[in-house]
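The structure presented is a predicted model; accordingly, all values stated were derived computationally and were not measured. Convention: sequence-line order gives letters A, B, ...; per-chain numbering from 1.
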Amino acid sequence: MVDRLTDAIQRAGFEQFEVFVEEIDEDSIRFRANRFHQSKRRLRCGYGVRVIRSRRIGFLSGTDPDLLIDALPTLRPTIETKISLPPGQSYRQVELHSDRVRGYTHQTLTGFGSEVIDRLIEIEPELKVDAKVVRQRKQITIRNSNGLSAQYDKLIAYLWVEGQLIHNNHIHYIYDFSNLSSGRPFNSDQILQYFQMVLKYLRREIKIRSGRYPTLILPLALSSLLSSLAPGVSGKALEKGYSPLIGKVGERVLSEKITIYDDGLMPHAFGSSPFDGEGVPKRRLTLFDRGRFLQFIFDLETGVRNNAQSTGNGQRRYTSLPSPGLNNLHILSGKGDLGKTLSNLKEAILVVGVVGGGHGNIYAGDFSVKLDLAFLIRNGEILGRITDVMMAGNIYEMLKGVVEIGNYTKDLGNERLPWILLEGLNFATAQTDPPPR
Amino acid sequence: MMEGALKAIDAPYVEARFEESWYTTIQFRGKELDQVTTSVERGGIIRGFDGERYATIVYNDPKRLKSTKVLRLENKKAVKGLPPIKVEILVEKKRDPREVSIDEKIELLRSYNDIIIKTEGITTTQSYYYDHFRRRYYLNTEGRDIIEEVAYCGIMLSGIAKDGMNVQSYGKTFGHQEGFESLKGKEELAEEVAAKTLELIRAERVESGIYDCIIDPELAGVFIHEAFGHLAEADHLYENPRLLKIMAIGERIGCERLSCVDDPTLAHKRGSYRFDDEGVEGKKTYLIKEGRISSYLHSRETATKLGVEPTGNGRAINYNFAPIVRMSNTYILPGSASKEELFEKLDRGLYVCGSRGGQTALEDFIFAARIGYLIENGRITRPVREVILSGNIFQTLRNIVEVGNDLVVQGGVGGCGKDGQAPLPVGTGGPHLLIKGVVIGGR
């Protein structure tokens, strides 16, 4: 099919062309309210065709190559470009497979979900647990007029679990994620321990006053806030002049405790592969080194327009042209021991989950989120869950104020994040009475 | 082909959907045309149900289906059905965006984009055009045989201004299922986008705290969608007796002036359709009537479990997904107070306008306004930015003290997200509302 499509494009006489093919074979199992609810198999295949004539790009996509071939005569390139598609080349090997994951059946995936749910309702019978277990095989093929013909296959698997508990007419959510792609034997202990920790304090509700508090943010919540960082490092934002990081390359803009990588080669991470969506090799980029901003991310187009090279960040589905996007965001872990750090806090907020990341003015790095799951710490002890509180800040200012970083990172599929302790963030609440002493 | 698809799953109830879709997207960023894409998608989904569990297959190439093992659901429990029907609903030619040339679409978008980018002080723009024509074939083992076409087109206009580390954007989106012609003549909106972007770059951050707010119809629509609409989706409720108790039908939830409906039957709106993705005819459903919970939104499954009729709200964004309970056009019915009367009742507070979107975790919600204005001594004094509203839904609904008389149902190019399915075309709307004691998370 790819050959026929490629031949037809060749005959259409474009100066440059590229065919991008995405094939997915996915099995997923869903549980709802503690019970098996759905099994699903997805067999998807789609084609994206980029052509260049007289320094202008045209783009078509679809699921049926015959329809694309029929549409080629009407494809009129309109978008100005100066790119040259990359030549054929060799790529680094990336760990994208696990034999164990390849052998997972429907029964295996169902077993993982059942195990987690059974153990969770054993510790808290009132929990209503939804879970999703997925195994996905993806094959990407790229061919272009410059001799590139490349393909990779990758296999990912994950489990998402979400428990709902109603207490005092309040609905509480607890959720966790586990990347199963490496094929290490499945172990539900970590999820269980996390739920146990949260459930222990969930029913004790505490009100706080508006103000600024030292804040410890756990990885899942940090992930939501980091959605405000991606637009700033994009080569598109540099080209169009709206990134807050313009003119800051080489400057210390974050705490010197913070080092951030975008690692497209990380084993078994969701955003890893030998090459990006236009055949450029992926690599490990240091975006911020001990607080200093080092570089923007580029695809071919934004690279040319900014007098730079593509950094292997051309992200796309078959339905779209590439644009610069992060592969796998990795914040380097520090030395902090969570237990010790918590026990040393006089008064602070522990943020476990937030709602609304990405809804603020993300171009500027601003965020303003509602605390979905957060606790008040006083004199080293968790006092209880705080409710009806909003947390606001700016991602750059927030990461300037990091005073400690956790000694491990949580694997969130396409992010590896530690917990961070901040000197202070602003919290707004409807509470006017003083908090209990 | 559709009859054959039904045999891929052995279950008491099986349905097959096959879709053909044509998409166009055009984007300007700054002065330059940044993206023009056209796409033709064909794909299907087959779903079996045995009263408790689903088995689902998604495919693009029907040939691959033949080589896939037949899935079996062991439980043979009967599923309550609907009578057979054969119907075809087609889009009129004048509303079909495929009848309009790509050049005409580019030029319309360029004309709006030019207004914004040529305004002094604007750093760049992001102007986006989108259309989608979809033909859906639906067949199930009850003998419901439905072909339905829909055609959306819409535009999103955004201005971006930068001053040092301060970057601000303002956007406006419009478009329903009213055809390409309906997108013309919107120059005033482009001018508004440019003016408000500049207003925002000069505005101060709102002080966080508790405010009495008047919210405009655009935000009122997003508010009711986020704040109550999602809570009324019965897939959260049917397996949870405690939640059903909190959300009991007849429970008072707001003042008597507050009524809210979900209505896919509105002519040619963004969230309109005749049949949902389970072959059930859509209908107008009161979610809140005179301040009391009136009904939930249902799929076939949730309706069966709760012993009521389905409401025609089983929707999927495309063939890649199974239908789940979703809204259509959700809006607050207008009250009697004029906008001026609302302002007379607010001496000090915020006038909050537009929406950047919102999110809920059932009873908790958060949504971001595009811009706010301080009201001091009953008058608008100055603009403020980063106005993010949050709260507990039940408390906030009770705090709606006045309902305006100026209903607007908003469409656009975005949509609703749930369970990984986004954006689903929905309409949202309402009149101006006066709400007491809203938590605003500024800085």
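With a threshold of 4.5 angstrom between heavy atoms, A/L321 approaches chain B through its backbone and through its side chain. Only the side chain of A/Y173 has a heavy atom closer than 4.5 Å to any heavy atom of chain B. The contact between B/L33 and chain A is made by backbone and side chain atoms together, counting heavy-atom distances below 4.5 Å. Contact of A/R212 with chain B is not made at all, since no heavy-atom distance falls under 4.5 Å. With a 4.5 Å cut-off on non-hydrogen atoms, A/S28 does not touch chain B at all. Looking at A/K128, only its side chain comes within 4.5 Å of chain B, counting heavy atoms on both sides. The part of A/Y396 that comes within reach of chain B is its side chain, from C-beta onward, which places non-hydrogen atoms under 4.5 angstrom from that chain. Using a 4.5 Å cut-off between heavy atoms, A/R30 contacts chain B through its side chain alone, with no backbone atom that close. Using a 4.5 Å cut-off between heavy atoms, A/K248 touches chain B through its side chain atoms alone. Only the side chain of A/E126 comes within less than 4.5 Å of a heavy atom in chain B; its backbone stays farther off. Contact of A/D25 with chain B is made through the side chain alone, with heavy-atom distances under 4.5 Å. Neither the backbone nor the side chain of A/E26 comes within contact range of chain B; no heavy atoms are under 4.5 Å apart. With a 4.5 Å cut-off on non-hydrogen atoms, A/R56 does not touch chain B at all.
B/N318 and B/E41 form no side-chain donor-acceptor contact under 3.5 Å, judged by distance and modelled atom types alone.
Side chain of B/T124 to main chain of B/G30: a donor-acceptor pair is present (N/O by atom type, distance under 3.5 Å, no hydrogens or angles).
For B/E251, the side chain to side chain contact (heavy atoms under 4.5 Å, CB included) test picks out B/A248, B/I293, with sequence neighbours left out. Residues satisfying the side chain to side chain contact (heavy atoms under 4.5 Å, CB included) criterion with B/T38, sequence neighbours excluded, are A/L60, B/T24, B/I102.
Ring centroids of B/Y54 and B/F49 are separated by less than 6.0 Å, placing the two rings close together.
Looking at A/D366 and B/R205, a side-chain N of the basic residue comes within less than 4.0 Å of a carboxylate O on the acidic one, giving a salt bridge.
Ranked by heavy-atom pairs under 4.5 Å with chain B, the list A/K236, A/E301, A/H37, A/Q38 is led by A/H37.
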